[in-house]
Participant: 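Quick one: the structure is below, questions incoming.
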Amino acid sequence: MSRIAAHADLLAQLESRLGRAGLLTDEADLAPYATDWRRLFPGRPLAVARPADTAAVSAVLAACHAAGVGIVPQGGHTGLAGGATPDASGGQVVLSLGRMNAIRRVDPLGLTLEAEAGCILKVAQDAAEAQGRLLPVSLAAEGSAMLGGIIATNAGGINVLRYGMTRGLVLGLEVVLADGTVVDGLRALRKDNAGYDWKQLFIGSEGTLGIVTAAILRLVPRARHTATALLAVPDPAAALRLLEAAQDELGDTIQAFELIARDSLALVAEHAGLASPIGESDWTVLMEAGSSLPGLREAVETLLGEALERGDATDGVIAESGQQAGSLWALREHITEAEARAGKSVKHDVSVPIPAIPDFLAAAGKALATQAPGTRPNIFGHMGDGNIHYNVLIGPEHDPEAINRIVHDAVARFGGSISAEHGIGQYRVDELVRHRRPAEMALAHRIKDALDPQGLLNPGKVLRARV
Ligand code: 2HG
Ligand code: ZN
């Protein structure tokens, strides 16, 4: 059968299984699924399948498997690495999980939430909050990002310091394998050592090993008191001393510790019209602690007072209300959008050991200034996790791949990683090969071959596509 006839045959099968509402094939309907929100990774889907339940996902995968057609899973369209868009061949089916958005159960005593992959993160957070509990994954894109994508990318965000990455919050998982087999591991257990913990293979594998259809997530008690502070600090080393003091004084009540460079706040002021309430400085820290015990605010005040005395902070403010805390967070959360408005930028989502952050920042800054003059770094990130978004604004004269290599080579000198939380997608596929050891890459290919021997699941993401 010709490729065209085979595709027509597959589409007819999919339409009869999914119905008209479950399969999009018109050019205009496909457009929103064809590229990422920054329009950096455009592609062309053969069709978009929109299954309403796990059985339908299984049927789509089985049909594509039989036809040898690639599948590209897509959630809330908030990724930054091109992990959810098809290639330009017009031969891949996008699998949109958006219709599978039910929250099946919130258990406030067992501290769990069960939901389908297309459930928006904010909706799941709100459902947990309605029962007095917290779903601790939190990130700027939470109003659009879907749980399936959060799990498939092992998303990080602002609360990793206290609660860890998504990986540590997934108790149970349901996935569909490349051939359509449904594997139901939806167990609400804190402790489960019965055999391989196979769900970990799928978490963070970016849809290249199987499709996440539902999950049981771990919730935590909600802190009754929250203290959010914005501090001006002279340099990254002072910010690190502040982090150490916060860990000594506040223990594990500290849940977020973000570092923001002067230029990032300038972008937010220019493009989002938001101004910082404290005095200007080269670096700013946004930190948050939470506890149900009394005395948190006083402890944060003491910490701040001592930091000011030592000279590790030059100015600071503690939010007086939830609303004020929201405006402090707005400064941080608007950086990505402001950067997009400022022009072309090259993203880096790197991590280094926490004590190495100041030296890494100095080394990367020096390397860029000498090897790519005229570039403007936009540096911010999750300092408490060693994760810095060392983004670089560039002009037409700059080569994005060269900028990538300059920053990543600095990361490698400090034993870091080229992706801390955004994933590899299609954006970092070649850089992954450059930075991971050959034996690690060979192991990754053995896992891929075992679970997806035809290479049909999210082809060309994480690992190079087979030719
Ligand atoms: C954040 O920390 C996100 O706000 C996005 O991970 C980072 O825009 C970026 O590069
Ligand atoms: Zn981030």
Participant: Have Glu431 and Asn404 got a donor and an acceptor in their side chains that come within less than 3.5 Å?
Facilitator: no

Participant: Salt bridge or not for Asp107 and Arg133, using N-O below 4.0 Å?
Facilitator: no

Participant: Kindly write out the residues that satisfy side-chain contact (heavy atoms from CB on, under 4.5 Å) with Arg44, not counting sequence neighbours, or none if the list is empty.
Facilitator: none

Participant: Compare every heavy atom of Leu97 with every heavy atom of Ala117, then report the nearest pair and how far apart it is.
Facilitator: CB-CG, 4.1 Å

Participant: I want to check something: taking the side chain as every heavy atom from C-beta on, are Cys119 and Met146 in contact at a cut-off of under 4.5 Å?
Facilitator: no

Participant: Give me the one residue out of Thr302, Leu308, Leu303 that meets side-chain contact (heavy atoms from CB on, under 4.5 Å) with Glu306.
Facilitator: Thr302

Participant: Just checking, any donor-acceptor pair under 3.5 angstrom between side chains of Gln426 and Thr85?
Facilitator: yes

Participant: What residues form a side chain to side chain donor-acceptor pair (under 3.5 Å) with Gln324, not counting sequence neighbours?
Facilitator: none

Participant: Verify the neighbour count for atom CD of Glu298: are there more than 12 heavy atoms of other residues, nucleotides or ligands below 6.0 Å?
Facilitator: yes

Participant: Distance only, no hydrogens: is a donor on one side chain within 3.5 Å (strictly under) of an acceptor on the other, for Asn391 and Glu339?
Facilitator: yes

Participant: Quick test of your reading of the model: are Arg38 and Asp36 salt-bridged, counting only N-O distances below 4.0 Å?
Facilitator: no

Participant: Can you list everything that forms a side-chain contact (heavy atoms from CB on, under 4.5 Å) with Glu309? Sequence neighbours excluded, please.
Facilitator: none

Participant: Is it true that a side-chain atom of Arg190 and a backbone atom of Gly110 form a donor plus acceptor pair closer than 3.5 Å?
Facilitator: yes

Participant: In the structure I gave you, are the side-chain heavy atoms of Leu265 and Ile335 within less than 4.5 Å of one another anywhere?
Facilitator: no

Participant: Is the closest side-chain donor-acceptor distance between Ser138 and Glu142 under 3.5 Å?
Facilitator: yes

Participant: Could you tell me which non-hydrogen atom of Ala128 sits nearest to which non-hydrogen atom of Leu135, and how far apart they are?
Facilitator: CB-N, 4.0 Å

Participant: Could you tell me whether Asp430 and Arg428 have a side-chain N and a carboxylate O separated by less than 4.0 Å?
Facilitator: no

Participant: When you compare the side chains of Thr228 and Glu288, does any donor N or O come within less than 3.5 Å of an acceptor on the partner?
Facilitator: yes

Participant: Of the non-hydrogen atoms in Val233 and Ala239, which two are nearest, and what is the gap between them?
Facilitator: CG2-CB, 4.1 Å

Participant: Using a strict threshold of under 4.0 Å (side-chain N to carboxylate O), is an ion pair present between Arg376 and Asp263?
Facilitator: no

Participant: Name all residues meeting the side-chain contact (heavy atoms from CB on, under 4.5 Å) criterion together with Leu169; count only those two or more places apart in sequence or in a different chain, and write none if there are none.
Facilitator: Pro136, Val137, Arg218

Participant: Crowded around Arg436 CZ? As in, over 12 foreign heavy atoms under 6.0 Å?
Facilitator: no

Participant: Is any side-chain heavy atom of Phe360 closer than 4.5 Å to one of Val411?
Facilitator: yes

Participant: Inspect the contact between Asp409 and Arg413 and indicate whether a charged nitrogen and a carboxylate oxygen are less than 4.0 angstrom apart.
Facilitator: no

Participant: Quick one, Ser205 and Val462 - any side-chain contact, counting heavy atoms below 4.5 Å?
Facilitator: no

Participant: Go through the steps for Arg297 and Glu301 under the test salt bridge (Lys or Arg N to Asp or Glu O under 4.0 Å), then give the verdict.
Facilitator: CA-CA 6 Å; Arg297 191 184 167 89; Glu301 275 168 5; 3.1 Å; yes

Participant: Are any side-chain N or O atoms of Gln74 and backbone N or O atoms of Val94, one a donor and one an acceptor, separated by less than 3.5 Å?
Facilitator: no

Participant: Does Glu244, at its CD atom, have more than 12 non-hydrogen atoms belonging to other residues, nucleotides or ligands within less than 6.0 Å?
Facilitator: no

Participant: Would you call Arg105 and Glu114 a salt bridge, taking side-chain N to carboxylate O under 4.0 Å as the test?
Facilitator: no

Participant: List for me each residue that meets side-chain contact (heavy atoms from CB on, under 4.5 Å) alongside Asn101, sequence neighbours excluded, and say none if there are none.
Facilitator: none

Participant: Would you mind reporting whether Met287 and Leu231 have side-chain heavy atoms less than 4.5 Å apart?
Facilitator: yes

Participant: So do Leu24 and Arg50 actually touch side chain to side chain, heavy atoms under 4.5 Å?
Facilitator: yes

Participant: Taking side chain to side chain donor-acceptor pair (under 3.5 Å) as the test, write out the residues that go with Thr166, two or more places apart.
Facilitator: none

Participant: Indicate, with yes or no, if the rings of His348 and His389 have centres closer together than 6.0 Å.
Facilitator: no

Participant: Give a yes or no on whether Arg434 atom CZ has more than 12 heavy-atom contacts from other residues, nucleotides or ligands under 6.0 Å away.
Facilitator: yes

Participant: If you define the side chain from C-beta out and look only at heavy atoms, does anything of Leu161 sit under 4.5 Å from Ile254?
Facilitator: yes

Participant: Is the backbone of Arg405 close enough, under 3.5 Å, to the side chain of His408 for a donor and an acceptor to pair up by distance?
Facilitator: no

Participant: Does any donor atom in the side chain of Asn378 or Ser264 lie under 3.5 Å from an acceptor atom in the other side chain?
Facilitator: yes

Participant: Quiz question: by atom type and distance under 3.5 Å, do the side chains of Glu337 and His271 form a donor-acceptor pair?
Facilitator: no

Participant: So Glu174 and Thr54, do their side chains get closer than 4.5 Å, heavy atoms only?
Facilitator: yes

Participant: Hydrogens and angles aside, do Asp349 and Ser419 bring a side-chain donor and acceptor to less than 3.5 Å of each other?
Facilitator: yes

